[in-house]
Protein chains: 2
Amino acid sequence: MVIDRSLLTGSTTTLILKLLEEGDMYGYQMIEVLAERSDDTFQLRAGTLYPILHGLEKDGMLESYEWKEEGERARKYYHLTVKGKKLLEKKTAEWEEYTRAVNKVLRRRKEYETVQR
Amino acid sequence: MVIDRSLLTGSTTTLILKLLEEGDMYGYQMIEVLAERSDDTFQLRAGTLYPILHGLEKDGMLESYEWKEEGERARKYYHLTVKGKKLLEKKTAEWEEYTRAVNKVLRRRKEYETVQR
DNA sequence: TTGACATATATAGATTATCTATATAAAATG
DNA sequence: CATTTTATATAGATAATCTATATATGTCAA
């Protein structure tokens, strides 16, 4: 199923921070890993990702470094800072509250229907 | 907790359609009911709601009518059409898939962490 | 070995769903 | 009678995506 892009808004940054909590990654890798873990629900665009990474680095949430693996081309790796970890915690809590609230509305049973005025 | 507004994107229309599934409502009432049911997580702005209602009506998802209750002022009520009901079903399914995918990423245990390259 | 495709990063400009601010008017409240 | 709340409406700003485009390296098949 193709989900509406607009739903992504606001959670993309959280997802990126979460990936980096597990270990340093480079941009293109994040796109691949995110697609794989979400069963292709998230097909993050390069044009979306890179500006977000630049912004997060500018705000001190991430730090980047060039690294060239043996027999691989050089890539730009990103590392989650302590500040970034705190942002991840905050955003995860927001996500939980947000989904709880939406589900409370959406999963309301028709039996509890208010009387029509 | 004040959740980031950007998270709302994409789900507002679904929430509105859901309210109308239970019975006809007028705009201002939707704002109140949504706040109440979400424990004030959703404080939908009038300036957000009314343009959405106009758009949904233009697209045939809703129908509106003026109605004056005994001893009340006249209000503009909205009714969910069959087309609107189908949209609600589609959007609810999208919501389920989207949250499932986000949670799959966010709730990944650190124990399953990939080896750092 | 060359041309096409995949990998990898980057940015400008468009799109879209919110927001704020503002307007109007009726009804309630003090 | 003045202020606040209820109720609807729209213009313009903001913000997070998107598409399109650019550049360069590495891989693979013809």
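Letters A, B, ... mirror the listed sequences (proteins, then strands); counts begin at 1. Predicted, not measured: the structure shown is a model, and the values here were computed from it.
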Do Ser11(B) and Tyr98(A) have side-chain atoms, one donor and one acceptor, less than 3.5 Å apart?
yes
By nearest-heavy-atom nucleotide on DNA chain D, the more 5' of Ser11(A) and Gly71(A) is Ser11(A)
Rounded interatomic separation in angstrom, taking CZ from Arg75(A) and P from dT7(C)
10 Å
Counting only side-chain nitrogens and oxygens, does Tyr26(B) get under 4.0 Å of the OP1 or OP2 atom of dT8(D)?
no
Considering every strand and a 4.0 Å limit on heavy-atom distances, what is the contact class for Ile52(B): base, sugar-phosphate, or nothing?
sugar-phosphate
Any base atoms under 4.0 Å from Ala46(A), or only sugar-phosphate, or nothing? Heavy atoms, all strands.
base
Whole Å only: how far is the CG atom of Leu49(A) from the C1' atom of dT7(C)?
14 Å
Does Thr48(A) reach a base, just sugar-phosphate, or nothing at all? Heavy atoms under 4.0 Å.
base
Has Lys18(A) got a side-chain atom pairing as donor or acceptor with Leu106(B)'s backbone, closer than 3.5 angstrom?
yes
Sorted by position of nearest nucleotide on DNA chain C, 5' first, the leading residue of Glu66(A) and Arg73(A) is Arg73(A)
Write down the distance between CG (Leu53(A)) and P (dA16(D)), rounded to a whole number of angstrom.
15 Å
Would you check if Tyr78(A) and Ile16(A) make a side-chain contact, meaning some heavy-atom pair closer than 4.5 Å?
no
Heavy atoms only, 4.0 Å cut-off, all strands: where does Gly47(A) land among base, sugar-phosphate and nothing?
base
So, is Tyr28(B) close to the dT6(D) phosphate, meaning a side-chain N or O under 4.0 Å from OP1 or OP2?
yes
dA9(D), dA8(C), dT6(D): which one has an atom nearest the side-chain heavy atoms of His54(B)?
dA9(D)
Test salt bridge (Lys or Arg N to Asp or Glu O under 4.0 Å) applied to Glu94(B) and Lys90(B), step by step:
CA-CA 6 Å; Glu94(B) 276 182 25; Lys90(B) 181 169 159 280; 3.5 Å; yes
Using 30° and 60° as the class limits, which term best fits the ring planes of Tyr26(B) and Tyr77(B): parallel, tilted or perpendicular?
perpendicular
Would you mind telling me which of dA10(C), dA17(C), dT8(D) lies closest to the side-chain atoms of Lys76(B)?
dT8(D)
OP1 or OP2 of dT20(C) less than 4.0 angstrom from a side-chain nitrogen or oxygen of Arg45(B), does that happen here?
yes
Rounded to whole Å, how long is the line connecting atom OH of Tyr50(B) with atom P of dT10(D)?
11 Å
Just to confirm, is there a sub-4.0 Å distance from OP1 or OP2 of dT17(D) to any side-chain nitrogen or oxygen of Thr12(A)?
yes
